[in-house]
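Note that these values count all heavy atoms, side chains included, but never hydrogens, waters or copies made by symmetry.
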Amino acid sequence: MKKIVLLICLLSQIPVAGQQLLSERERARVVDEILAERFDNLLPKLMDQVDLDMWILISREYNEDPVLRTMLPATWLNARRRTMLLFYRDKAKNTIDKLAVARYNVGENIQSAWDKEKEPDQWQRLMQLIEERNPENIGLNFSKDHNIADGLDKTDYMEFMEKLPKKYHKKVVSAEQLAVRWIETRTEREMIIYDQLVDVTHDIIAEAFSEKVITPGVTTTTEVEWWMRQKVTDLGLETWFHPTVDVQRTSEELVGHLYSFSGRPDDMVIRPGDLLHCDFGITYLRLNTDCQELAYVLKPEEKEAPKFLVDGLKDGNRVQDYLTNNMIKGKTGNEILAKALSEAKAAGLRPSIYTHPLGSYGHSAGTTIGMWDAQGGVMKDDGENYPLNPNTVYAIELNTTITIPEWKRDIRIMLEEAGFYGDKGFRYVNGRQTELLLIPRIKAHQGN
């Protein structure tokens with residue numbers, strides 16, 4: 001019997017290089033286990049930290065609050081009818097109520113607290129639960145500064161306030177701080193998984209930027225993009241944005257930052273001597289990656305990339321170091337950005353930094369460290385004053401412009417890797433690119 005169970009487990013996993021992707025059923029199990037840990041251990045701590053004892057989330061089917069979406073069990077792909085969740089933290093008793101004003105439990109973590117036969121009105125039942133607990137404050141998901149924390153729609157807000165007894169109106173506050181902390185904070189188990197997730201991302205990029213996919217003089221950039229997209233689908237994964245692949249070469253002029261994302265010519269044939277750049281990310285177990293790496297297409301008789309490109313990548317790594325060395329708890333994104341840019345420029349580099357939070361969403365909630373079109377710092381509605389917190393993940397996204405005399409032009413070294421900021425400081429989730437990928441790979445035994 002044990003042999004049969006082991007065989008089923010092995011068959012349910014899909015190999016990707018050094019990693020194993022779980023079957024859908026196993027993914028659901030892991031997602032729900034992590035969710036239980038987040039509700040039972042993380043949420044009480046976060047509510048205490050932001051001094052909020054009641055948090056209410058309300059959504060209707062197919063119009064989900066982005067925070068509530070992360071709280072649904074693995075078998076719920078959407079909210080149902082009108083879904084109301086109520087979390088109440090009693091710090092003195094060290095308890096947390098996780099209730100749903102719904103006809104049924106929301107998975108195994110949130111218990112139904114509504115018997116429609118006893119109380120036909122769903123809103124009225126929500127008010128009863130509030131009255132029974134008499135909270136110090138009531139947090140709702142509305143926010144001007146954080147889009148992910150602004151998920152309560154106008155209709156539900158107006159109806160909530162209309163039903164809420166007047167004595168509680170002054171207790172209604174924005175739950176933006178709690179919502180952002182919930183979205184941005186990663187648990188220890190999630191970080192173990194994140195390492196595997198980024199490794200899978202790196203493996204797919206390495207295969208895409210190899211002779212297995214690219215035949216110089218034949219393959220186009222668009223074909224590589226669709227190969228990556230298809231690879232994700234074939235593995236039973238998802239991507240949160242369409243991959244992009246672009247080329248920098250001797251005959252091209254340096255263009256604006258938007259070039260890599262919009263306005264690129266389709267079907268550019270990849271040629272020897274090209275510097276390739278990709279932007280690629282996947283979604284797995286409710287976590288997201290975002291990665292940009294570089295490859296060089298060898299010319300005949302070349303066995304390594306030109307020194308000026310090797311040195312260019314080193315300059316990109318130096319900009320990364322200036323940024324990550326300045327990631328300090330409590331500093332805002334604008335403060336980190338200004339210091340990192342200043343130090344990098346003083347060292348003779350020409351940097352641009354646009355690092356964003358990464359996790360439950362690709363462009364997630366948390367500390368924003370620059371935008372490509374806001375190198376002087378982001379404004380208030382982009383989280384200007386939001387500080388760096390521990391146990392958070394970021395897409396370390398940036399570039400540096402370098403001059404290549406051999407090409408008689410400037411190019412950009414564009415990089416992006418997942419990084420974790422914890423109590424012990426910063427680390428890359430699964431390393432970073434420090435050497436250019438070569439196409440084709442060198443076959444040492446043949447001398448080429």
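Remark: the backbone N or O of Leu197 is paired with a side-chain donor or acceptor of Thr201 at under 3.5 angstrom. Judged purely by atom type and a 3.5 angstrom limit, Arg133 has no side-chain atom pairing as donor or acceptor with the backbone of Arg89. Asp90 places a side-chain N or O within 3.5 Å of a backbone atom of Ala92 that can act as its donor or acceptor partner.
Inspection of the Thr220 and Asp267 side chains reveals an N or O donor paired with an N or O acceptor under 3.5 Å. Side-chain N/O atoms of His277 and Gln248 include no donor and acceptor closer than 3.5 Å. In summary, the side chains of Gln128 and Arg125 do present a donor paired with an acceptor at a separation below 3.5 Å, with no hydrogens or angles considered.
In this structure, Arg186 does not pair ionically with Glu37, as no charged nitrogen and carboxylate oxygen lie closer than 4.0 Å. Checked for salt-bridge contact, Arg427 and Asp195 miss the test: no charged N lies under 4.0 Å from a carboxylate O. In this structure, Lys45 does not pair ionically with Asp48, as no charged nitrogen and carboxylate oxygen lie closer than 4.0 Å. Looking at Lys116 and Glu119, no side-chain N of the basic residue comes within less than 4.0 Å of a carboxylate O on the acidic one, giving no salt bridge. Classification of Arg60 and Asp153 as a salt-bridged pair holds, one side-chain N sitting under 4.0 Å from a carboxylate O. No salt bridge links Arg229 with Glu225; every basic N to acidic carboxylate O contact stays at or beyond 4.0 Å.
Between His242 and Trp226, the ring centre distance stays below 6.0 Å.
Using bins of under 30°, 30° to 60° and over 60° for the plane-to-plane angle, the ring pair Phe87/Trp55 lands in the tilted bin.
For CZ of Arg81, the number of neighbouring non-hydrogen atoms (other residues, nucleotides, ligands) closer than 6.0 Å is 12 at most. Few gaps surround CD on Gln49; more than 12 heavy atoms of other groups in view lie less than 6.0 Å from it.
Every residue meeting the side chain to side chain contact (heavy atoms under 4.5 Å, CB included) condition with Val31, not counting sequence neighbours, appears here in chain and number order: Ala74, Leu285, Arg286.
Sorted pairs that involve residues 351-363 and meet salt bridge (Lys or Arg N to Asp or Glu O under 4.0 Å), not counting sequence neighbours, are lacking altogether.
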